[in-house]
Amino acid sequence: LTIPVAGPGTTRCRKGTETTMTTTRTFAELGVPAPLVRALTDAGLTHPFPIQVETLPDTLAGRDVLGRGKTGSGKTLAFSIPLVARLADHNRQASRPSGLVLAPTRELATQITATLEPLAHAYGLKVTTIFGGVPQGRQVSALKAGVDIVVACPGRLEDLMRQKLISLDAVEITVIDEADHMADLGFLPGVTRILAATPSGGQRMLFSATLDNGVDKLVKRFLANEVSHSVDSQNSPVAAMTHHVFHVAGVEAKKELVHRLASGTGRRILFMRTKHQARKLAKQLTEAGIPSVDLHGNLSQPARDRNLAAFTEGKARVLVATDIAARGVHVDDVELVVHIDPPAEHKAYLHRSGRTARAGATGDVVTVVLPEQRRDTQALLRKAGITVTAQQVGADSAEVQALVGEVAPYQAPVAPPVQKQPQRSAKPGRRRRRGTGSANSNVARVNSAHSPSVNSAAPRATGRRRSTRPQRSAH
C-alpha cells in the first residue's frame with residue numbers, strides 16, 4: 001500500500017538540511033484503530049503532524065470540526081483517518097454513500113481519493129471520485145455497484161443528484177475541503193444545496209484557510225457545536241520556504257532567466273496566468289531539451305492525468321501551470337516554484353508557493369518581475385507577509401546559478417506517435433441524406449464536390465427522400 005502524502009518525520013532536502021513537522025505522539029496514542037495504524041506504518045508514517053494531533057481526538061469521537069491550517073500541513077490525512085475509521089462497520093448500498101468529501105477541483109479530488117484508498121482498503125471500503133469534464137458513465141456504474149465514500153466536485157455531483165443517480169440521504173460523515181477556494185470559485189451555493197441534502201444529524205468537518213467570502217455562513221448553518229482547531233495563522237508563509245524576487249531588465253531577459261531556472265535536475269513548477277502561455281512555454285522548454293508538461297483548464301481530464309503522471313514519475317522535470325495547480329496538486333520533492341507571472345492576489349501567491357516546502361521539507365520560491373510589475377509585486381508580497389530584498393539578475397547571475405544547481409543533460413524531444421484515423425466504410429444499400437448536419441458533414445461536402453451526379457449549385461432538400469429523376473439546374 002502507498003499513501004501519497006508526506007513522508008516520514010524527518011525529510012532531507014536537496015541541500016542536505018533537515019526539518020521536521022511531526023510530533024512525538026503516535027497515531028495509536030491519538031486513538032487511531034490498529035488496522036489504520038498498520039496501513040500508515042506501511043507507508044512510513046508513524047508520527048502525526050500538528051493538525052492531525054489537534055483534530056483526531058475530536059473527529060474520531062464524531063464531533064463536528066472546523067480545521068484551519070496552511071497548505072501542506074497534512075489536513076487530508078487529518079480527515080481521511082476518521083472518515084474511514086467511523087465508517088468501518090456500516091452497510092454498503094448502491095448509489096447511497098455513507099461518506100462524502102467535497103473538493104473544489106478535479107486534481108484535488110483525485111489526490112484525496114489517492115490518500116483515502118489505502119486506508120479504506122484496510123476495512124474493505126470502496127471509494128469513488130466524481131467530477132466533470134469526463135463522461136459520467138463510469139462514475140454512475142461505480143455508484144450502482146455500491147460505494148462507501150464519494151469524493152466529489154460540486155458541479156458533477158449536483159448533476160447526478162438532479163438525475164436521481166445518487167442520493168445523499170444515507171451520508172453519515174461530510175467533509176468540505178478547501179472551503180475558501182470553493183468560495184473563490186463561486187461554488188458555495190452548490191455546496192449549500194448539497195449539504196442541505198445530507199441528514200442534519202451527521203458529522204461534518206470543514207477545512208479552510210480563511211472564513212471570508214461566505215465560508216463563515218456555511219459554518220454557522222451546517223456545523224453543530226463544532227470544535228475549532230487552527231495550526232499556524234491564516235494564510236501564513238511556510239517557515240522552511242526561501243523566497244527570492246528577481247528583477248529583470250525586460251521581456252527577453254525574463255525569457256532567458258526562465259529557461260535557466262527550468263534547466264536544473266530537480267522538479268520545478270512554473271506558474272503563468274494564461275492557458276495559452278503555459279502551453280506555449282511547455283512546448284518551448286521541451287524543444288530546448290527540458291522535458292516539460294502543461295496543466296491548465298483547457299486540457300481534458302485524461303490529458304491532465306497523463307501530464308501530472310509524467311511529472312510525478314519523473315518523465316517530465318518541469319510542470320508549467322496556471323492557478324489550477326495552485327491547490328490540490330501534491331507532488332513530492334518539488335524543489336523550486338517560479339512565479340513567471342506574479343499572481344493577482346496574495347492568497348494565490350501563498351497557495352502557488354505551497355507546492356514546495358511541503359510537510360517539513362525545504363524549498364525555494366522565485367518571483368520574476370518586469371520593471372512595470374515592481375510596485376504591484378511589492379504590495380502583493382507585503383499582504384502575503386513575505387519580507388525579501390529584490391535582486392537585479394540575469395540568466396548568468398550567481399544567485400541564479402546557486403538555485404539552478406547542476407544543469408540536467410539535454411534530452412531530445414520525442415515526437416508523439418501519429419495516430420491513423422479509422423476509415424468508415426459505407427453500409428451497402430444506404431445512401432447519405434443531404435443537410436443532416438452530422439459529424440461527417442465536412443467529409444460529405446468534400447466528396448460531393450467531386451461527384452459528377454451532383455450539381456454544386458442545386459438547392460438542398462433537407463430531410464426529403466431522394467428522387468431518382470435528374471435534378472434541374474438552379475435558376
Side-chain angles (χ1 to χ4, degrees), residues 241-298 311 316-326 334-346 348-356 363-384 386-408 410-411 413:
M241 189 184 295
T242 304
H243 298 263
H244 311 264
V245 175
F246 287 165
H247 287 177
V248 291
V251 174
E252 193 59 35
K254 175 180 176 178
K255 180 179 178 181
E256 293 175 2
L257 174 62
V258 167
H259 278 247
R260 181 60 57 88
L261 290 171
S263 66
T265 57
R267 290 193 179 104
R268 282 118 161 82
I269 299 182
L270 315 182
F271 280 103
M272 307 195 75
R273 281 197 182 179
T274 70
K275 306 165 188 175
H276 169 71
Q277 291 297 331
R279 181 174 59 249
K280 181 179 177 181
L281 180 59
K283 182 179 179 182
Q284 290 174 343
L285 290 173
T286 300
E287 290 173 347
I290 304 171
S292 306
V293 291
D294 51 334
L295 189 66
H296 50 77
N298 275 0
F311 184 60
R317 294 195 306 274
V318 177
L319 177 68
V320 186
T322 58
D323 282 331
I324 194 172
V334 173
E335 65 180 36
L336 179 64
V337 166
V338 181
H339 302 277
I340 298 176
D341 297 327
E345 49 95 29
H346 70 284
Y349 176 89
L350 292 169
H351 285 294
R352 283 181 175 189
S353 303
R355 299 314 97 198
T356 188
D364 290 286
V365 177
V366 171
T367 305
V368 182
V369 185
L370 291 166
E372 61 271 21
Q373 297 173 324
R374 293 180 183 180
R375 179 175 296 178
D376 289 343
T377 302
Q378 186 177 8
L380 173 84
L381 295 172
R382 185 170 58 250
K383 289 181 180 178
I386 305 298
T387 302
V388 59
T389 301
Q391 298 170 289
Q392 185 75 34
V393 302
D396 296 325
S397 297
E399 298 87 350
V400 177
Q401 299 297 338
L403 278 178
V404 173
E406 181 185 356
V407 175
Y410 173 87
Q411 189 167 332

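From a predicted model like this one, the values you see are computed outputs, not experimental measurements. Numbering starts at 1 and runs along the sequence shown.
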[X] side, atom [atom1]; [Y] side, atom [atom2] - distance, nearest 0.5 Å:
{"X": "Glu256", "Y": "His259", "atom1": "CD", "atom2": "NE2", "answer": "9.0 Å"}
{"X": "Lys275", "Y": "Asp323", "atom1": "NZ", "atom2": "CG", "answer": "11.5 Å"}
{"X": "Arg382", "Y": "His346", "atom1": "CZ", "atom2": "NE2", "answer": "12.0 Å"}

Do the non-hydrogen side-chain atoms of [X] and [Y] ever get within less than 4.5 Å of each other?
{"X": "Gln401", "Y": "Asp396", "answer": "yes"}
{"X": "Val368", "Y": "Val248", "answer": "yes"}
{"X": "Leu270", "Y": "Leu319", "answer": "no"}
{"X": "Val320", "Y": "Val293", "answer": "no"}
{"X": "Phe271", "Y": "Thr322", "answer": "no"}
{"X": "Phe246", "Y": "Val400", "answer": "yes"}
{"X": "Leu281", "Y": "Val258", "answer": "yes"}
{"X": "His247", "Y": "Pro371", "answer": "no"}

- Verify the neighbour count for atom CD of Glu406: are there more than 12 heavy atoms of other residues, nucleotides or ligands below 6.0 Å?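 Open.
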- Message: Heavy-atom count check: over 12 atoms from other residues, nucleotides or ligands less than 6.0 Å from Glu345 CD?
- Response: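 Above 12, so yes.
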Any side-chain to backbone donor/acceptor pair from [X] onto [Y]? Under 3.5 Å, distance only.
{"X": "Arg268", "Y": "Val404", "result": "yes"}
{"X": "Gln373", "Y": "Leu370", "result": "yes"}
{"X": "Ser263", "Y": "Arg260", "result": "yes"}

Taking every non-hydrogen atom, the tightest pair across [X] and [Y]:
{"X": "Ser292", "Y": "Leu285", "answer": "OG-CB, 3.3 Å"}
{"X": "Arg352", "Y": "Met272", "answer": "NH2-O, 4.0 Å"}
{"X": "Pro342", "Y": "Thr367", "answer": "CG-CG2, 4.0 Å"}
{"X": "His351", "Y": "Arg355", "answer": "O-NE, 3.2 Å"}
{"X": "Asp364", "Y": "Thr356", "answer": "O-CG2, 3.9 Å"}
{"X": "Gly289", "Y": "Arg317", "answer": "O-NH2, 4.2 Å"}

- Please report the C-alpha distance between Asp294 and His296 in whole Å, then the side-chain angles of each, then the deciding distance to 0.1 Å, and finally whether the side chain to side chain donor-acceptor pair (under 3.5 Å) criterion is met. CA-CA 7 Å; Asp294 51 334; His296 50 77; 2.9 Å; yes
- Query: Thinking salt bridges, do Glu335 and Arg267 make one under a 4.0 Å N-O criterion?
  - Reply: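 Here Glu335 does not pair with Arg267 in a salt bridge, since their nearest N and O are not under 4.0 Å apart.
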- How far apart are the C-alpha atoms of Ile340 and Lys254, what are their side-chain angles, what is the distance that settles it, and do they pass the side chain to side chain contact (heavy atoms under 4.5 Å, CB included) test? CA-CA 8 Å; Ile340 298 176; Lys254 175 180 176 178; 3.5 Å; yes
- Check the pair Tyr349 / His243 against ring pair (Phe, Tyr, Trp, His ring centres under 6.0 Å), numbers first and verdict last. CA-CA 11 Å; Tyr349 176 89; His243 298 263; 5.7 Å; yes
- Task: State whether a side-chain donor-acceptor pair under 3.5 Å links His339 with Thr377.
- Result: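 No, no side-chain donor-acceptor contact under 3.5 Å.
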- Apply side chain to side chain contact (heavy atoms under 4.5 Å, CB included) to Val366 and Val337, showing your working. CA-CA 6 Å; Val366 171; Val337 166; over 6 Å; no
- Task: Check the pair Ile269, Phe311 against side chain to side chain contact (heavy atoms under 4.5 Å, CB included), reporting the backbone distance first and the verdict last.
- Result: CA-CA 10 Å; Ile269 299 182; Phe311 184 60; 3.8 Å; yes
